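Below, all heavy atoms of this structure are taken into account, side chains as well, without hydrogens, waters or symmetry copies. Here the structure is a predicted model, which means the values were calculated and not measured.
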Amino acid sequence: MPRPPLWQPGPGEIQPDVKRRAVELVAALGAWPPGGQGTEAARARVAALGLPPALADAAGPLAPAAAEASLEVIVAQYGGILEDSASVLVVCRQWTRGPDGSVAEGGTTVDVRLSRAEPRWTVTELHPGVAGPAAAAPPPAVARVLAEPRIELPPEAAADLRSGTVHDSVLEAMLRLAGPYTLSVSVVRTGHPLDVFGTTRPSDHPLGRAFDVWRIDGLAVVDPGTSRQLVESFMRDAAAAGSYNVGGPVAIPGAGNRFFTDDTHHDHCHVGFNH
C-alpha cells in the first residue's frame, strides 16, 4: 500500500491552518491500518483530533468496507474563505485492500466546512463527492481530454468527464489550454459547493460548466514563487478559450472584463462557462 506523507500548506497560503485542519480530518477518515475499519474506529480517530466524533458518520465514500486504506491528498483548495467560515475542497486519491489482499485505487473530493474557533478552526460538516456512473456514450472530446498527457485530472474529476455531465465548452477549453500549458485540474463538477460560497448564487461547477486549475506547468498557483506573468497569461488564454468568468490570484483590469480575484481564488484559477 502506498504511504504518501500528509499534505501540508506551502508558501503563500491564506489561513494555512484552516486547510491543515480539513486535511487532518479527511486523512483520519480515509486511511487506517489493518483492522482499523469501521465507524467506531473512525470516530475515535476524529475525536483524537479534538473534532466532533459524529463527523465520521458522514464519511460516505471515504470509508469503504476495506480492511486497510491509504490516502493521498493531492491538493487542498478553497471552495470559499470568509472571516468566520470556510469551505476547503480536499482532493484525494485512495487505495484500499480487499479481503483477498488485492489493492484497488480510487478517490474522491471532500467539501469540508469549517468555522472560526479557538485555538483552531473547527469542522462543522463534510460533503464527500460521489460522481455519477460512466455514460454509455460520453461526448467524443472526453476521450481526447483523458488521453491528453498535458491535462492532469484527479480521480473525481476524471469520473466527472466519464459520466458525460461536463459541457463541451469545458472539454474544448481544457484541450485548447493544454497546447501552451500543462494543467493540473483540481475540481470539475463533483465535490464543489452547489452555490458560490457565502451566497445563494448557483455555482457553474455542479452544472458541469467550470473547472479549477491549481498548478500550471507544474507550478502551484498559490506559490508566490510562481511567475505572476505565467498566471496572468493563463487567465487571459482561458478567457480567449471562451470562459466568461475567469478567477485567480491576479487582478486583471479592463472595462466589463471577465476576470476577478478574491481570497478564495488566490490558490487556483477558476474557468467558468455560461453554456
Side-chain angles (χ1 to χ4, degrees), residues 1-8 19-77 88-113 123-138 142-143 145-147 149 151-166 184-192:
M1 296 278 281
R3 300 293 179 194
L6 187 65
W7 181 92
Q8 294 292 336
K19 288 189 176 182
R20 189 179 292 111
R21 191 69 156 150
V23 166
E24 289 170 350
L25 172 66
V26 171
L29 292 174
W32 55 87
Q37 70 271 31
T39 302
E40 289 309 310
R43 280 173 164 256
R45 294 194 297 272
V46 173
L49 297 174
L51 292 170
L55 290 168
D57 301 343
L62 265 180
E68 182 182 5
S70 178
L71 185 101
E72 175 191 18
V73 172
I74 298 168
V75 66
Q77 169 190 300
V88 178
L89 310 183
V90 184
V91 182
C92 304
R93 182 175 287 111
Q94 187 183 46
W95 297 268
T96 53
R97 189 183 301 281
D100 61 354
S102 63
V103 175
E105 181 178 335
T108 187
T109 296
V110 188
D111 176 9
V112 181
R113 301 298 177 94
V123 176
T124 56
E125 53 187 302
L126 70 155
H127 304 279
V130 181
V142 167
V145 172
L146 293 174
I151 302 174
E152 300 173 351
L153 295 166
E156 191 102 88
D160 282 338
L161 268 61
R162 294 188 185 100
S163 73
T165 55
V166 177
S184 297
V185 174
S186 48
V187 178
V188 180
R189 271 188 80 247
T190 309
H192 194 279

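Minimum heavy-atom separation, V185 to P154: O-CD, 2.9 Å. Of all heavy-atom pairs between I151 and V145, the closest is CD1-CG1, 3.9 Å. Considering all non-hydrogen atoms of both residues, A157 and V188 come closest at CB-CG2, 3.7 Å. V88 and A76 get closest at one heavy-atom pair: CG1-CB, 4.0 Å. Nearest heavy atom pair, residue P61 against residue V130, reads CG-CG2, 3.9 Å. What you find for A27 and L71 is that their closest heavy atoms are CA-CD2, 3.8 Å.
Q94 is listed as a side-chain neighbour of P64, based on a closest heavy-atom distance under 4.5 Å. Under the 4.5 Å side-chain criterion, counting only non-hydrogen atoms from C-beta, W7 is in contact with K19. Between P52 and V123 there is no side-chain heavy-atom pair separated by less than 4.5 Å. In this structure, C92 and V90 have side chains that are in contact, with non-hydrogen atoms separated by less than 4.5 Å. Using a 4.5 Å heavy-atom cutoff, the side chains of L89 and V110 are not in contact. In this structure, the side chains of R21 and L51 come closer than 4.5 Å at one or more pairs of heavy atoms. Side-chain contact check for S163 versus P138: every heavy-atom pair is 4.5 Å or farther apart.
In this structure, L25 CG and R20 CZ are separated by 15.0 Å, a value rounded to the nearest 0.5 Å. In this structure, CZ in R189 is found 10.5 Å from CG in L161, a value given to the nearest 0.5 Å. The structure places CD of E105 at 10.0 Å from OG of S70, a figure rounded to the nearest 0.5 Å. Taking CD of E125 as the reference point, atom CG of D111 lies at 8.0 Å (rounded to 0.5 Å). A distance of 10.0 Å separates CD in E152 from CD1 in I74, rounded to the nearest 0.5 Å.
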Per-pair distances, 0.1 Å, donor-acceptor, side chain in residues 29-39, under 3.5 Å, sequence neighbours excluded:
residue, atom, partner, partner atom, Å
W32, NE1, A66, O, 3.1
Q37, OE1, G35, N, 3.4

side-chain contact (heavy atoms from CB on, under 4.5 Å) between Q77 and V91, intermediate numbers included: CA-CA 8 Å; Q77 169 190 300; V91 182; 5.6 Å; no
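For the side-chain contact (heavy atoms from CB on, under 4.5 Å) test, residues two or more places apart in sequence or in another chain that qualify with A41 are R45. In terms of the side-chain contact (heavy atoms from CB on, under 4.5 Å) criterion, residue partners of V103 (sequence neighbours excluded) are, by chain and number, M1, W95, R97.
Remark: R162 does not engage D160 in a salt bridge, criterion side-chain N to carboxylate O under 4.0 Å.
Side-chain N/O atoms of E156 and T190 include no donor and acceptor closer than 3.5 Å.
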